[in-house]
Amino acid sequence: MTILNELSAVELRDRITGGEIKSVDAAEAVFQAIAAWDPFLHAYNSTFRESTLRGAEKIDRDRAAGKKPGLLSGVPIAIKDNICTTFGTTTCSSKMLADFRSPYNASVVEKLQNAGALIVGKTNLDEFAMGSSTENSAFGPTHNPWNTRRVPGGSSGGSAAATAAGLCSAALGSDTGGSIRQPASLCGIVGLKPTYGLVSRYGLVAFASSLDQIGPLARTVADAALLLQVIAGHDPRDSTSWPEPSDDYLSELEKPLEEVRLGLPEEFTGEGVDAEVASAVRTAVEFYRAQGAKIVPVSLPHTRYGIAAYYVIAPAEAASNLARYDGVHYGHRAAHPEDLYDLYAASRAQGFGPEVQRRIMLGTYALSAGYYDAYYLRALKVRQLIKHDFDEAFQQCDFIACPTSPTVAFELGAKSGDPLRMYLCDVFTVTCNIAGIPGMNIPCGFSSDGLPIGLQLLGPIFSERRMLRLARQYEKNHDWHKRRPQPPAAEPRHKQPD
Ligand code: GLN
């Protein structure tokens with residue numbers, strides 16, 4: 001267990017390829033950690049012990065035979081359960097797809113496997129990635145490893161909890177309005193949402209296609225860069241994939257940025273932000289100032305419409321994408337329908353949970369004749385204004401710094417009865433998807449009750465290479481990322497209530 005909890009993906013890979021650690025031993029250690037800890041967390045929907053161990057044996061054999069190792073040789077990786085794999089199921093944490101077996105692998109899964117990664121399991125999420133706490137999973141919530149009475153964030157809560165707790169070296173998530181960055185923030189790890197089009201969406205179950213991106217969750221900036229290196233790049237099977245070759249995210253990672261201008265948006269502070277979150281983010285910005293960054297105030301005036309626009313655009317696209325679940329082509333099929341209409345209605349009513357149904361209704365309403373102009377079209381206009389805000393801001397600064405989440409991890413159940421309060425968790429993350437730009441979370445402190453706080457960096461399209469260097473510069477001078485949550489056995493028997 002300690003092997004993985006202490007080593008980063010890069011270190012583990014280096015030790016496996018250098019022969020100091022056997023891939024099989026590393027894989028065994030992951031499954032031991034999962035057996036010990038996941039009953040308390042429920043980070044995984046399914047795990048693949050046999051295939052992982054077989055893969056690990058092959059890595060060890062290939063090494064002995066002198067074969068050239070891949071970038072992720074022997075590294076145990078978890079995959080969000082809305083990314084298709086031919087092995088196991090791809091459930092989207094929905095009853096609708098509880099038994100769904102994909103006939104193909106997502107491009108990102110192929111790329112990971114070609115790089116030597118071992119796919120250890122599929123992680124829990126809010127049903128169809130709709131949520132900010134992983135409580136919307138049809139299979140029960142994931143718990144935060146720092147405090148199991150708290151949520152891990154969402155919707156990639158399983159990937160974030162598994163990575164934070166050392167139940168994998170790193171993971172993939174998807175981010176439509178914050179679902180990589182916000183759980184990374186609440187679990188104290190690094191999470192990166194790439195520029196729209198940088199990573200192939202082929203094999204990602206669609207939620208809102210103009211916003212969805214796959215990206216890495218990892219314990220260090222270098223690990224996030226390593227995963228991005230492997231998964232980025234053009235894919236002819238995704239028509240929105242960017243046709244140019246991707247950057248090299250690893251080669252200059254250790255080199256601090258020179259003369260960086262860091263923008264502080266006035267709209268991203270103030271009301272609704274925990275005092276401890278605001279203070280940790282301010283301290284992080286001061287660090288950059290002390291390192292020579294120029295801090296420039298910027299304004300993103302349309303940010304205040306971000307949540308409203310997002311919660312029209314995302315449900316509208318979702319309503320259309322989820323129309324394919326009709327009980328005929330895919331997924332759950334209701335028994336004994338009276339007629340075809342009843343088959344559709346009953347299959348969908350039984351297969352989809354309450355939040356997914358709410359989104360479908362919101363989206364259908366926003367797209368319907370008579371309301372299209374008032375809601376959907378208007379939201380698209382706001383989208384342009386938000387994009388324009390960022391274009392203007394990036395004339396004055398190279399990157400923007402702000403909180404990822406206005407609060408630290410909240411109690412399970414605290415917001416699940418109040419959708420609007422839950423939607424407000426995404427206030428700092430949705431504009432990044434709306435504009436298609438990259439954003440990442442890095443750990444930047446802890447609250448007085450020991451919960452992680454995250455700093456969000458936002459940059460212009462395709463600025464990942466420099467953004468990762470900026471993040472690494474912070475990480476190198478702090479040790480937040482070295483703190484790890486303790487497994488249950490190590491917790492005091494009589495825990496103080498918090
Ligand atoms: N919390 C947001 C939502 O519920 C974002 C989800 C996501 O990024 N997948 O839509």
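Order of appearance sets the numbers: ligands from 1, and atoms from 1 within every ligand.
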Q: Please work out whether the ring planes of Phe394 and Phe390 are parallel, tilted or perpendicular, with thresholds of 30° and 60°.
A: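 Plane angle under 30°, so parallel.
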Q. Do the rings of Tyr365 and Tyr371 sit parallel, tilted or perpendicular, given the 30° and 60° boundaries?
A.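 Tyr365 and Tyr371: parallel rings.
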Q: Please round to the nearest 0.5 Å and tell me the distance separating atom CG of Asn124 and atom OG of Ser159.
A: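 Asn124 CG to Ser159 OG: 9.5 Å, rounded to 0.5 Å.
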Pairs of nitrogen or oxygen atoms closer than 3.5 Å, one from [X] and one from ligand 1: do any exist?
X	answer
Ser174	no
Lys80	no
Met130	no

Q | Distance-only polar pair, side chains of Asp223 and Ser169, donor-acceptor under 3.5 Å | A |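 Note: Asp223 and Ser169 side chains miss the donor-acceptor criterion.
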Q. Going by atom types alone, do Thr404 and Gln182 pair a side-chain donor with an acceptor below 3.5 Å?
A.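 No, no side-chain donor-acceptor pair sits under 3.5 Å.
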Mark up the atoms of ligand 1 that fall under 4.0 Å of a heavy atom belonging to [X], in ascending order.
X	answer
Asp175	8 (O)
Ala129	6 (C), 7 (C), 9 (N)
Gly178	8 (O)
Phe207	9 (N), 10 (O)
Ser155	9 (N)
Gly131	1 (N), 2 (C), 3 (C), 4 (O), 6 (C)
Gly177	5 (C), 7 (C), 8 (O)

Q: Please determine if Asp175 and Arg181 form a salt bridge, counting it only when a charged side-chain N lies under 4.0 Å from a carboxylate O.
A: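 Judged by the 4.0 Å cut-off on N to carboxylate O distance, Asp175 and Arg181 do form a salt bridge.
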Q) For ligand 1, is any non-hydrogen atom under 4.0 Å from Thr176's backbone (N, CA, C, O), its side chain (CB onward), both, or neither? A)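 Under 4.0 Å from ligand 1, Thr176 contributes backbone and side-chain atoms.
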Q) Hey, is Lys193 touching ligand 1 through its side chain, its backbone, both or neither, going by heavy atoms under 4.0 Å? A)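 For Lys193, there is no contact with ligand 1 at all, from either part.
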Q: Carefully, step by step, assess Ile79 and Leu112 under the rule side chain to side chain contact (heavy atoms under 4.5 Å, CB included).
A: CA-CA 10 Å; Ile79 305 283; Leu112 288 178; 3.6 Å; yes
Starting from [atom], which protein heavy atom do you reach first, and at what distance in Å?
atom	value
atom 9 (N) of ligand 1	Ser179 OG, 2.7 Å
atom 5 (C) of ligand 1	Tyr310 OH, 3.3 Å
atom 2 (C) of ligand 1	Asp426 OD2, 3.1 Å

Q. Would Lys122 count as a cation-pi partner of Tyr44, with NZ or CZ less than 6.0 Å from the six-membered ring centre and within 45° of the ring normal?
A.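 Relative to the ring axis of Tyr44, which defines the angle, Lys122 lies outside at least one limit.
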Q: Determine whether more than 12 heavy atoms belonging to other residues, nucleotides or ligands lie under 6.0 Å from atom CG of Asp418.
A: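 Check passes, neighbour count above 12.
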Q. Do Leu97 and Thr90 pass the side chain to side chain contact (heavy atoms under 4.5 Å, CB included) test, and can you show the C-alpha distance, the side-chain angles, and the key distance before you say yes or no?
A. CA-CA 7 Å; Leu97 292 177; Thr90 300; 6.0 Å; no
Q.
Before you tell me yes or no, could you show the steps for Tyr202 and Tyr104 under ring-ring contact (aromatic ring centres under 6.0 Å, His included), namely the whole-Å CA-CA distance, both residues' side-chain angles and the distance that decides it to 0.1 Å?
A. CA-CA 10 Å; Tyr202 179 77; Tyr104 62 93; 5.0 Å; yes
Q | Heavy-atom gap Tyr311 to ligand 1 smaller than 4.0 Å | A |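 The answer is yes: ligand 1 sits under 4.0 Å from a heavy atom of Tyr311.
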Q) Do any heavy atoms of Glu355 fall under 4.0 Å from ligand 1? A)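 Contact check Glu355 vs ligand 1: negative.
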